[in-house]
Amino acid sequence: MSTGRRWRSDTFLFVVSAALVLGSTAALFAWLTFSPFPKPLPPSSLGCLPDGEGSWSVGLFYGRSPLSLRPIESWNVWSNDTAAWPVANPVATCASASDAGFPSNFVADPFLFIQGDVLYLFFETKNPITLQGDIGVAISNDKGATWHHLGIALDEEWHLSYPYVFSYQDQIYMMPEGSKKGDLRLYRAVEFPLRWQLEKVILQKPLVDSFIINYRSHFWLFGSDFSAPGAKKNGELEIWHSSSPLGPWSPHKQNPVHNMDKSLGARNAGRPFAYDGELYRPGQDCGDTYGRRVRLFKVKVLTKDEYEEVEVPLGIDEPQKGRNAWNGARYHHLDVQQLTTDRWVAVMDGDRVPSGDAVRRLVIGYTSFGAAIALVMLSGVLLSAIKCNLRLSRCLPLSTRRSGLTGAAQERHLQLYSKLRWLFSHLNKMTSHFRSGGIRPNTCLGRSVLALLFLAVVTLTCVGTYYVYGGNGAAEAYSVKGHYSQFTLLTMTYDARLWNLKTYVKHYSRCSSVREILVVWNRGQSPNVSEFDSTVPVRIRVEKRNSLNNRFNVDPSIQTPAVLELDDDIIMPCDDVERGFKVWRDHPERIVGFYPRLAEGRPLRYRDEKYARRRRGYNMILTGAAFMDHRLAFGRYWSQEAKIGRNIVDEYFNCEDVLMNFLYANVSSSRKTVEYVKPSWAVDTSKFSGVAISRNTQAHYEVRSACLAKFTEVYGDLAANKWRFGSRKDGWDA
């Protein structure tokens, strides 16, 4: 074989081998770190696409005053149709709009319009086809618990957002931002809320995020003109005044009233409101990222010649769950309105990722892939598997005698050719130097260099895989028919397991749908709640005696019907928890959990998950990791019929979860009472702290088999029910 053919063969083998290594590394990393259960796609696959502007959604808040607002889930608003007990934010998303037949990448800039008991929600919706903002509208007849998307209220040939809606002289007007058109336009409702017509162009200025307010018998228009000479983007604010919202408008004497740092709230962030005789203006803090947060300002002076405002507390708690919260990264728009004399309602948009996150992830990911490929090529050159000899005449056949090139043009081409020739010659010299020096794999230096290069390539490949294919890193909640909800996390423990408990609380309190963590303290000195790093309230219920029955004690203080009973030594991803909660909301009358078991035989024998999989079915779910309706489950557990079973639990100090399964199965011999959800992974932290409860597995199973025999005598045969793995459409019970 000729030298040239052998060189090409070696190069081909090296490139193929390197490609296999890179591909295998990426696949292994994805298998180890990514959930095997991707989020289900919305019915309209056009919506909710990754967007550089973000993934905005809209939440609802109530309060006794506009200066003290709490999210809808704090007010225990329910929706029985979707097991949303309580309804939780967000209430409007790209998915809810897309599912209604109006594809959207995100919804933002919400404004309310109230007619009696009916709430209308106007918002910007990003069209995934035209990639421009349109104005959408939804309606609620139950004060915000349920929203129905009505459609697109306004669609122009240019981008629209910030749909400020107000009434004047029995007419309803909308003043959206359309700064791309270069002016500020006012529309009037012809058939509210879906048909609008242009009333007039009220200003020939590309004002951004504008509103009009009637204050002290005069109309004031606030907006930002970032095209003005010297205007600081997101830091400029102008005021105009008139005797009518239809104009003509005159500029404020101090314009621009603000032209300062973008973090200080100059840009408007929603509708102003009056409270106790004072006027308040929400403004955007765009310091760290666009729309980072809403700031609130009390207007002290507003005349044609003067304007003065002072910042006051917003009255809404800062999100604490990071990307797992729908507004964890930023929130930039607030509209507060009065419902009754002592109740206010507000809508706010939020995003779990900062501005440009999708683009940033792609840039980091593909840059990492490029760097990994470059290091692979360098390794090939060092190993003499790749020979680099760049010939300028083949790559760029430039000639000094090109027809049509004379004078200055020919001179520029000669200079370019000279620079490229210098670059190519130095690259050839560099690769020749590497080849002559070579890397001998059988030497210590050679092995060290190759090991470092291999480690760098693997690291860069993993980084690239994470950023390109790993999504936004959020464990998002799952909606049921457009509704989100929350649950209480309950665990039972004692003093020797405090380390496990602290790890447990820190991890699960960041999960999106966790509202409260209830610790049932069975033995020893209870800790102070201040010892825990938690983003949600932690409550410790100290029991009078050490009994496993305490796990299911009736507790009127639990604020959510859904309870996740989860042992303090189990750590699993928040996404697995959210998937389990979603399945429970689909079947709230069942026990939904992560550890299946099978009891069968004569007499019944307690079998583990491996045995259940071999037999292709299960009939029990361990309640040490299971969702249930605590009103239903705890009521059954403490019924008179369950008294014998509770005594058996105390006798063996075991089997409380087995008893709960019997009590559910005893209600019906035919209807399914348990649902399995396969976790991506789970870690038993008791193995690290040395406080595992069930150390002797065989003895533990023997005790449970004895419990099965006694429970069968009282509550019937559990083996009559057996449910197949993989029977649900979601594939989460595989």
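Surrounding OH of Tyr366 are at most 12 heavy atoms belonging to other residues, nucleotides or ligands under 6.0 Å away. Heavy-atom neighbours of Asp117 CG from other residues, nucleotides or ligands within 6.0 Å: at or below the threshold of 12. Annotation: Asp317, atom CG; neighbour count of heavy atoms from other residues, nucleotides and ligands within 6.0 Å does not exceed 12.
When all heavy atoms of Ser55 and Arg352 are compared, the pair lying nearest together is OG-CG, 4.0 Å. Between Phe627 and Gly580, the shortest heavy-atom contact is CE1-C, 3.5 Å. Trp78 approaches Arg631 most closely through the heavy-atom pair CH2-NH1, 3.4 Å. Here the closest heavy-atom approach between residue Ser227 and residue Pro206 is recorded as OG-CG, 3.4 Å. Summarising the geometry of Pro313 relative to Leu296, their closest heavy-atom pair is O-CD2, 3.8 Å, with the distance given to 0.1 Å. The two residues Arg185 and Pro176 have their closest heavy-atom pair at O-CD, 3.9 Å.
Of the possible donor and acceptor atoms, none in the side chain of Glu565 sits under 3.5 Å from a partner among the backbone N and O of Val563. Checking side-chain atoms of Glu236 against main-chain N and O of Asp225 turns up a donor-acceptor pair under 3.5 Å. Although no hydrogens or angles enter the test, the distance criterion places no donor-acceptor pair under 3.5 Å between the side chain of Ser68 and the main chain of Ser65. Looking at Asp349, its side chain never comes within 3.5 Å of a backbone N or O of Ser57 through a donor-acceptor pair. Lys321 contributes a side-chain N or O that, together with a main-chain N or O of Ser512, makes up a donor-acceptor pair within less than 3.5 Å. Not one N or O on the side chain of His149 forms a donor-acceptor pair closer than 3.5 Å with the backbone of Ala138. Between the Arg323 side chain and the Asn472 main chain, a donor and an acceptor come within less than 3.5 Å of each other. With hydrogens and angles ignored, the 3.5 Å screen pairs no side-chain donor or acceptor of Asp342 with any backbone N or O of Arg64. Counting only distance, with no hydrogens or angles, the side chain of Lys506 and the backbone of Ser534 share no donor-acceptor pair below 3.5 Å. In terms of modelled atom types and a separation under 3.5 Å, the side chain of Asn268 and the main chain of Gly283 share no donor-acceptor contact.
When only modelled atom types and interatomic distance are considered, Ser104 and Thr125 share a side-chain donor-acceptor pair under 3.5 Å. Side-chain contact, Gln284 with Tyr331: no donor N or O sits under 3.5 Å from an acceptor N or O. Side-chain contact of Asn105 with Asp51: a donor-acceptor pair under 3.5 Å is present, judged by distance alone. A donor atom on one side chain and an acceptor atom on the other are not found under 3.5 Å apart for Glu238 and Ser224. With 3.5 Å as the limit, one finds a donor-acceptor pair spanning the side chains of Asn234 and Arg267. Side-chain contact annotation: Asp285 with Ser263, donor-acceptor N/O pair under 3.5 Å absent.
The shortest distance between side-chain heavy atoms of Arg271 and Gln337 falls below 4.5 Å. Using a 4.5 Å cut-off on side-chain heavy atoms (C-beta onward), Glu53 and Ser355 make no contact. At a threshold of 4.5 Å between non-hydrogen side-chain atoms, the residues Asp351 and Asn327 do not count as touching. At a threshold of 4.5 Å between non-hydrogen side-chain atoms, the residues Asp288 and Pro354 do not count as touching. Using a 4.5 Å heavy-atom threshold, the side chains of Leu67 and Tyr280 count as touching.
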### Task
Would you sort out whether Phe222 and Tyr307 count as a ring-ring contact (aromatic ring centres under 6.0 Å, His included), showing the intermediate values?
CA-CA 12 Å; Phe222 287 61; Tyr307 181 72; 5.7 Å; yes
### Message
Apply ring-ring contact (aromatic ring centres under 6.0 Å, His included) to residues Tyr478 and His483 and explain how you reach the verdict.
### Response
CA-CA 9 Å; Tyr478 292 78; His483 276 136; over 10 Å; no
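In this pair, Phe192 and Phe113 present their aromatic rings tilted. The plane angle is within the 30 to 60° band.
Listed by first and then second residue, the ring-ring contact (aromatic ring centres under 6.0 Å, His included) pairs involving residues 338-357 are Tyr275-Trp344 (not counting sequence neighbours).
Residues forming a side chain to side chain contact (heavy atoms under 4.5 Å, CB included) with Tyr469 (at least two apart in sequence, or on another chain): Phe34, Phe369, Thr465. Partners of His333 by ring-ring contact (aromatic ring centres under 6.0 Å, His included), not counting sequence neighbours, listed by chain and number: Phe111, Tyr162.
Salt-bridge formation is not detected for the pair Lys678/Asp730: no Lys NZ or Arg NE/NH1/NH2 atom is positioned less than 4.0 Å from an Asp or Glu carboxylate oxygen. We find that Asp555 and Arg539 are joined by a salt bridge, their nearest charged nitrogen and carboxylate oxygen being less than 4.0 Å apart. Of the charged side-chain nitrogens involved, at least one lies within less than 4.0 Å of a carboxylate oxygen, so that Glu309 and Arg281 count as a salt-bridged pair.
For Phe581 and Trp85, the ring centers sit 6.0 Å or farther from each other.
Among Gln132, Lys180, Glu177, Lys126, the one residue that satisfies the side-chain hydrogen bond (donor to acceptor under 3.5 Å, both in side chains) test with Ser161 is Glu177. When each of Leu279, Ile213, Ile212 is tested with Trp220 by the rule side-chain contact (heavy atoms from CB on, under 4.5 Å), just one qualifies, namely Ile213.
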